[in-house]
> 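Encoded as structure tokens, here's the structure I'll be asking about.
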Amino acid sequence: MARLPPTIFSYVRAYSWRNQLVILALTLVSLPFFYLWVELPKRIIDDALGGGAGPRDFMGMSLSQLDFLWALCLLFLALVIINGAFKYFINVYKGVVGERMLRRLRFELYGRVLRFPPAHFRVTSQGQLVQMINAEVEPLGGFIGDAYSLPAYQGGMLLTILVFMFAQNPLMGFAAIALYPVQVIIIPRLQRQVNELGKARVRQVRVLAEQIGESAAGADDIRATAASRFRAARFADELGKIFFIRLDIYKKKFFIKFLNNFLAQLAPFLFYAIGGYLVLQGELTIGAILAIVAAHEKLSSPWKELLTYYQLMWDAHIKYEQVVAQFDPAGLREAPPVDAGPAAEPIEGTLVARSVSATDPDGLELEDASLELALPVCAAVLGPPGSGQSALLRAIAGLADVETGSLTLSDQPVQLLAGTALGTRIAYVGSPAQIFSGTIRSNLLLPLQQQPLAPAPSGVGRSPRAQSEALASANSPHDSAADWIDPAAASCPDADALEAWLAEVVRVVRLEREVYGFGLRGTVDPAQAPDVVERVVEVRRRFAQRRAADTRLARLVESFDPDRYNQNATVAENLLFGVPLDPAYAIDRLPQNRVVRDVLRDLELDREFRRVGYELAATMVELFTDLPPDHEYFRRFNFLGADDLADYRVLIGRVSEAQATELTAGPDAERLLSLPMQLITARHRLGLIDEPLQERILAARKALREALPPGDLDKIAFFEPDAFTRGASLQDNILFGRIALDQANAEATVTAQMAELIEEMGLRQLIIRVGLEAEAGVGGIRLSLAQRQRLALGRALVRRPDVLLLDDATAVFDRQEQAALRDSLLEAMRGRTVIWAHGHPEWDEHFDKVIVLEQGHVVAVGTPSDVRERSAGAAPEAAD
Amino acid sequence: MSLNDDVQVLKCIPLFRKVEPAKLKLLAFTSERLTFMAGDNLFAEGDVGDAAYIVLDGTATVRVRTPGGDVEVARIGRNDIVGEIAILCDIPRTATIRAETDLVTLRISKDGFFHLVTQFPQIGVEIMAELAQRLHNTTQALTQARAELAATAGS
């Protein structure tokens, strides 16, 4: 759809008119039952109880008075159930329709975010988008179900009651509705003012969202510029604006309410006055007045509902309009087709730019650029910062609009290629590149996931119901849990070849060592890969042999020994002597476990740990007391954060060491008991876990193993010398111990020795594969900036693109590393096109062509030597 | 082998002698104990320095590369500090230190030290005073040497 329907009603009609008809029909069908139910009490009283004894006619049968009463009461009960059922069904149905429409709208808005022209992001912040898609459209769902049915239903009731009143007495009927015109004229006017305020409030809340987002992102800079007081003042002002808008809304809204109530109460006044007069005149019976007053009371409920609906409708109307306006920017890109088309044609021939102008997201411009390059080419784009390199690369990628002129790649306009070849034949990497939540692997595989190739295995992924709901909301028909990964897209014949290619890509972007490290820290599931497990145990055996033969190596690793305390492992690890497979035994909450707690208590270790915990807390308070909360040390020596430190300081002031030891329950006792669990004797050197205590921990280790209830045995994988420890890292499994923290170069030496054995057993590929499963975190937050950028480069290479566009993509690395990456990337892309904007004129020998930009203009294109001569000629003074 | 022992050692180091004990304790806590095996290098001449080492136990040799090969120029032992210049400025190591026996050291990393000094500038001032004193001594020695040289040349 090119544009969103302009109003909420047109939106509702466009996508749910069938559902609306169903709701209307159901509502209408339910009405007679409702009236019957309202009517029945009168008949019970008048016909069953009144009217004397004697048989009554009930649906053609003749019943005694008592039976007749039973029959009517049963009918009443049946109607209660039927009405309830109708209400339940209609409400659920309305809920479903509303929710579907909401889902559809959110999906549509999200899709539009991805298609915004770059310039639109400069006027619409992330915070605003989140606010709009999440919060602002939320009430629309509730409204959509009611959009047509509520006015129909309540309006119908209103009309029926009015007809009844007019039938009783026309004059009284007029009295009942005499004030409606006043309401109908005044209230909408007031309502419009409320609406305007409502709009202002929505805008104001967006400003707020923006400020919060900006402050959260720039918290450091705010502190660094000492701007927090000013920012706080500004934020307070914005909050104040909302306050006063809301205040106005309240005043007007409640005035409307007041007016409504007043006018509603005015009608009985008229009934009694006019009706009373008529009764005295003998023109009306008292019964008729009572009937009309009763009817009027019934009238107030639908009337109120209608007025509330009227307010809600306007609210929804405004919200919808305001949201939609933000999501219909000029220059919205075309929606990609639901299914990926056939693979794009190879990019070959020439790159031709004729008088191209384009703008990058920072507003830096490229003007009137013309150039022609025969592909494949290895070209550098040079120039002072801000001379339009990014705009040029983005324009070639089709990420920036070609504002004037024409830009073609193999005779096709780049705008067209952006829809078919970008991400497949053409890869673009900016700086810093964005990494997405998921694993390193899932990030690398993104370009290979164009559409699902095989359905998800049953039990995983979308159920038929989930699928039909997705379709009913016009959401993506594709199941994200399906198998999307297409090895062929990376020119790999099968999954194994793809695995090898991923390892190669990781090597090219020089991320291999780090992925390997992640792999060693990762784990494999023995059930999934029994052969791997065997080989890992074999590596362990060989490593043990080496260690036995090499006394130096022996000192660098401290083995797991059931009868010895491991100085390089934490207290908790020593206590458990295994890996928890169940959260109940999670290592950081071990003392909270019931079994563990009992064991500690039996051995009186809990008192000892609380004493140690107290001493530890006291030491930490003493050591860290003068440090600011964000100091680097808190991150590095992470027993306790700065916030905890304050708590412990209070705790230590409150209780003495002796008291602390005797604490038995309560949060203090738990905290102190947990604190020593993370101590590593070799690292922390606090002398708190001395040898006698170590012996007692060993005793507790044995006692714990005996005390474990049979049901908990499979919740811990204990360290066994000859078996793979499930849940433990590959490194722990290979070393069957810990690298000695107090031995110089232990990590490097041990890692190198392990690497040899891993290679020997053919496990290297496996370690890399496990390493690729490391989590990147939201936005790649768990990786360093450099790792993220390498990953982005790898992601670009995975598809073996014909054209690789690097927009200063190595800027985060130091000079030496940039040069290493240059060699590695250019080698990997040999014979294909690389266009690389970077700030290294001295690299020109590595490129076939050099394009020089200055202030948005192309000033030179040619071979490195041409360009050098020309610039030497143009600016001789710069030739030195 | 506890923190307090390390603090005692740090107190004996001239560079840190004016730093108050509480801060020395923090410095000790944020440093690592590292054992080098006999024959291993703590660092090699020309390396980029990133840490200073205080010898807690054992002995090591200080070696300098010459055209004729490595030459031992000094020996160090308990309570000696090596490489302290590296935690103050970026210069390559001027000598190789090789453990002669198993050598237990306290490693003070440049990063850790910097974080301490930036937080407690007083430590910086104290170290500056110590360095100024050394500079003064060196300058005096130089002046004296020049004078002697001039005297020899003049005679």
Side-chain angles (χ1 to χ4, degrees), chain A residues 224 550-558 567-568 612 615-640 642 645 679-691 693-694 739-750 814 816, chain B residues 1-10 20-44 47-48 50-51 53 55-58 60 83 97-99 102-107 109-123:
Chain A
D550 181 349
T551 51
R552 290 175 67 90
L553 184 60
R555 284 174 58 179
L556 301 184
V557 176
E558 190 183 7
Q567 310 287 330
N568 292 289
V612 170
E615 263 189 59
L616 177 56
T619 309
M620 290 300 124
V621 168
E622 181 200 340
L623 281 177
F624 283 28
T625 209
D626 293 339
L627 291 177
D630 52 348
H631 196 269
E632 166 75 12
Y633 284 171
F634 283 109
R635 195 178 62 74
R636 257 203 263 178
F637 306 100
N638 58 352
F639 290 146
L640 34 118
L645 195 70
L679 274 178
I680 299 174
T681 324
R683 172 176 294 158
H684 297 115
R685 318 197 310 280
L686 295 168
L688 290 172
I689 310 288
D690 54 11
E691 265 178 51
L693 182 53
Q694 293 176 11
I739 296 179
L741 292 160
D742 60 351
Q743 295 293 324
N745 306 320
E747 175 135 25
T749 314
V750 172
D814 63 34
Q816 214 176 343
Chain B
M1 138 149 181
S2 85
L3 218 49
N4 288 328
D5 302 342
D6 293 348
V7 174
Q8 291 310 316
V9 173
L10 284 176
E20 56 175 302
K23 299 294 171 281
L24 281 186
K25 198 166 178 180
L26 188 55
L27 182 63
F29 181 70
T30 54
S31 306
E32 336 164 51
R33 255 182 204 247
L34 272 188
T35 304
F36 290 83
M37 284 185 242
D40 281 356
N41 286 348
L42 273 70
F43 48 78
D47 286 357
V48 180
D50 61 348
Y53 298 86
V55 179
L56 301 176
D57 196 24
I97 309 290
R98 182 168 303 159
D102 278 0
L103 192 74
V104 185
T105 63
L106 189 65
R107 179 180 186 273
S109 77
K110 183 174 171 174
D111 272 5
F113 181 73
F114 254 72
H115 283 296
L116 192 70
V117 172
T118 43
Q119 192 53 46
F120 305 108
Q122 188 56 32
I123 298 178

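Throughout, protein chains are lettered first and strands after them, A, B, ... in sequence-line order, and every chain is numbered starting at 1.
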> What option among B:Thr118, B:Leu34, B:Asp40 has the most heavy-atom pairs under 4.5 Å with chain A?
B:Leu34

> Rounded at 0.5 Å granularity, tell me how far CZ in A:Arg685 sits from CG in B:Asn4.
11.0 Å

> Does B:Arg107 use its side chain to pair, donor to acceptor, with the backbone of A:Ala744 at less than 3.5 Å?
no

> Measure A:Arg555 against the heavy atoms of chain B and call it side chain, backbone, both or neither at under 4.5 Å.
side chain

> At what distance, to the nearest 0.5 angstrom, does OG1 of A:Thr619 lie from CG of B:Leu3?
8.0 Å

> Under 4.5 Å heavy-atom distance to chain A, tell me which part of B:Leu27 shows up: side chain, backbone, both or neither.
neither

> Heavy-atom cut-off 4.5 Å, strictly under: side chain, backbone, both or neither for A:Leu688 against chain B?
neither

> More than 12 foreign heavy atoms under 6.0 Å from CD of B:Gln8: is that the case here?
yes

> Decide side chain to side chain contact (heavy atoms under 4.5 Å, CB included) for B:Met37 and A:Asn745; before the verdict, give the C-alpha distance in whole Å, the side-chain angles of both, and the deciding distance to 0.1 Å.
CA-CA 10 Å; B:Met37 284 185 242; A:Asn745 306 320; over 6 Å; no

> Taking the inter-plane angle between the rings of B:Phe29 and A:Phe624 on a 0 to 90° scale, is it parallel (under 30°), tilted (30 to 60°) or perpendicular (over 60°)?
perpendicular

